[in-house]
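Since we're looking at a predicted model, the values are computed, not measured. Side chains included, hydrogens not; waters and symmetry mates left out as well; all remaining heavy atoms used. Residue numbering restarts at 1 for every chain, and letters A, B, ... go by the order of the sequence lines.
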2 protein chains.
Amino acid sequence: MYAPLLAHLRKFILLSEADEKVLLSYLNYQSLKKKDHILTEGNICTANHFIMKGCFRMYNNTDEGTEQIVQFAIDNWWITDYNSLDLQKPSIFNIQAVENSEIAFIKKDVQEELFAKLPQLERYFRIILQRAFAASIMRIQYIFNQSGEERYRHFNSAFPDFIQRVPQYMLASYLGFTPEFLSKIRAKKE
Amino acid sequence: MYAPLLAHLRKFILLSEADEKVLLSYLNYQSLKKKDHILTEGNICTANHFIMKGCFRMYNNTDEGTEQIVQFAIDNWWITDYNSLDLQKPSIFNIQAVENSEIAFIKKDVQEELFAKLPQLERYFRIILQRAFAASIMRIQYIFNQSGEERYRHFNSAFPDFIQRVPQYMLASYLGFTPEFLSKIRAKKE
């Protein structure tokens, strides 16, 4: 059931059979339907979620009544609100399944115990967080340096499969412009 | 000489005297004058840098001939280009001292050896990267949801000391607008 997570971990760290057994005893499984939430704003985030299959978006509701997407995550990515998880304070974000999805999650209240038993996990998360942070710095750079159209073209060529999986209005929100602007760019291309 | 770094580490992990000795043997010290660079674009980033005293900015040169600041770092923060450091490919960024500064740095080519000797460092970096990543997600949220003026006011109230340390044109670049726009906002306030 947790094969995709174990495969991903093995790319970064060594886990003995005994280690895997320990890990499995701390994992939880959840199957979600499209549009199900694993976090809603105002609540405290209680777990870190690994996507074994599917797609999620993290967004906040704006003062203007729209939804601003700050993050997407697909197969083999983790998603959580680290601010809320770390400090155990209410989140300003929502995390919702964009497709029917399957996740493994580690609850906050056992995370430290698990890390103490399997310190290799510190290394695993150090490496994936390093990449996530590097990607977010690049994203900030793109937001500031590229026009909306350049951002779309770049995203399109970097993640062609991903573009097929999410509705256009979500992609527009993630890239920071209106669905109308995205339609205009796409029309120009064809 | 490395007291600020040791103090910071002790907030997150346990280090025995023997551990500290090991760590010290892997650290390098550098004193920098204002405007000195520790990374220039086109070069491969070779170290992760802990700021013991001072202030740095990470920026890229834009097609329009301006400098776009993507990150600031002050005392007790780490700064590097993780994309370049991790993949050992040329950086698109520059990292420059904004003040006379003192840093401790760990070279990429000994990092793995050091982490193998002191696995607690995996935990330390996991925790600080988690916070850095969470902060960058919040920053993206602010960029999309707040007006330039709101962003300035928020930054001003969150980091009042910091505002005093960096020139106005750098702050404007970091917040994503022109120095003229920043002057206008500040004039309104006074």
Side-chain angles (χ1 to χ4, degrees), chain A residues 12-13 45 48 58-64 66-71 78-87 89 91-93 111-112 115-116 119-147 150 173-177, chain B residues 12-13 45 48 58-64 66-71 78-87 89 91-93 111-112 115-116 119-147 150 173-177:
Chain A
F12 300 93
I13 53 169
C45 190
N48 200 353
M58 185 159 120
Y59 66 94
N60 68 284
N61 291 301
T62 70
D63 293 343
E64 289 79 37
T66 60
E67 295 170 348
Q68 175 60 54
I69 297 176
V70 290
Q71 226 184 323
W78 289 84
I79 193 158
T80 189
D81 174 0
Y82 281 109
N83 267 311
S84 174
L85 190 73
D86 201 13
L87 306 171
K89 62 174 192 183
S91 180
I92 62 163
F93 295 113
Q111 183 189 292
E112 287 306 306
F115 281 13
Q120 310 99 297
L121 289 181
E122 302 278 9
R123 177 175 175 81
Y124 168 77
F125 281 103
R126 193 266 298 167
I127 296 170
I128 63 159
L129 280 162
Q130 195 167 299
R131 294 186 181 182
F133 178 60
S136 70
I137 291 292
M138 284 308 292
R139 184 158 164 227
I140 289 168
Q141 194 268 120
Y142 291 137
I143 293 171
F144 282 142
N145 289 287
Q146 297 184 331
S147 69
E150 283 167 339
S173 169
Y174 176 81
L175 293 171
F177 41 75
Chain B
F12 299 95
I13 53 170
C45 189
N48 200 354
M58 184 159 122
Y59 67 94
N60 67 284
N61 291 301
T62 70
D63 295 343
E64 290 78 38
T66 60
E67 295 170 349
Q68 175 60 54
I69 296 177
V70 291
Q71 226 184 320
W78 289 84
I79 193 157
T80 189
D81 174 2
Y82 281 108
N83 267 311
S84 174
L85 190 73
D86 201 13
L87 306 171
K89 61 174 193 183
S91 180
I92 63 165
F93 296 112
Q111 184 189 291
E112 288 307 307
F115 281 14
Q120 311 97 298
L121 289 180
E122 301 278 10
R123 178 177 175 80
Y124 169 75
F125 280 103
R126 193 264 299 167
I127 295 171
I128 62 159
L129 281 163
Q130 195 167 300
R131 294 186 181 181
F133 178 61
S136 70
I137 290 293
M138 283 307 293
R139 184 158 166 226
I140 289 169
Q141 195 268 119
Y142 291 136
I143 293 171
F144 282 142
N145 289 288
Q146 295 184 333
S147 69
E150 283 168 338
S173 170
Y174 176 80
L175 293 172
F177 41 75

(request) For A:Thr80, check side chain to side chain contact (heavy atoms under 4.5 Å, CB included) against everything at least two apart and list the hits. (result) A:Cys45, A:Asn48, A:His49, A:Tyr82, A:Leu85

(message) Less than 4.5 Å to any heavy atom of chain A: does that hold for the side chain of B:Ile92, its backbone, both, or neither?
(response) side chain

(message) I need the B:Gln146 CD to A:Asp63 CG distance, nearest 0.5 Å.
(response) 9.5 Å

(request) Not counting sequence neighbours, which residues clear side chain to side chain contact (heavy atoms under 4.5 Å, CB included) with B:Glu112? List them please. (result) A:Arg123, A:Arg126

(message) For A:Phe115, which atoms come within 4.5 Å of any heavy atom of chain B: side chain, backbone, both, or neither?
(response) side chain

(message) I need the residue from B:Ala134, B:Ala135, B:Ser173, B:Pro119 with the largest number of non-hydrogen atom pairs under 4.5 Å to chain A.
(response) B:Ala134

(message) side-chain contact (heavy atoms from CB on, under 4.5 Å) for B:Met138 and A:Phe93? Distances and angles first, verdict last.
(response) CA-CA 10 Å; B:Met138 283 307 293; A:Phe93 295 113; 3.8 Å; yes

(message) For a side-chain contact (heavy atoms from CB on, under 4.5 Å) check, start with the C-alpha distance between B:Ile143 and A:Phe144, then their side-chain angles and the critical distance, and finish with the verdict.
(response) CA-CA 9 Å; B:Ile143 293 171; A:Phe144 282 142; 3.8 Å; yes

(message) Quick check on A:Tyr174 against chain B: is it the side chain, the backbone, both or neither that has a heavy atom closer than 4.5 Å?
(response) backbone

(request) Looking only at non-hydrogen atoms, find the nearest pair between A:Ser136 and B:Phe133 and report the distance. (result) OG-CD1, 4.1 Å

(request) Give, for atom CD1 of B:Ile137 and atom CG of A:Asp81, the distance between the pair rounded to the nearest 0.5 Å. (result) 9.0 Å

(message) I'd like to know which of A:Gln141, A:Arg131, A:Glu64 tops the heavy-atom pair count under 4.5 Å against chain B.
(response) A:Gln141

(request) Could you tell me the separation between the CD1 atom of A:Ile128 and the CG atom of B:Leu129, rounded to the nearest 0.5 Å? (result) 10.5 Å

(request) Examine whether an atom of B:Gln71 lies under 4.5 Å from a heavy atom of chain A, and if so say whether it belongs to the side chain, the backbone or both; otherwise answer neither. (result) side chain

(message) Is A:Asn145 close to chain B through its backbone or its side chain, or both, or neither, when contacts mean heavy atoms under 4.5 Å?
(response) side chain

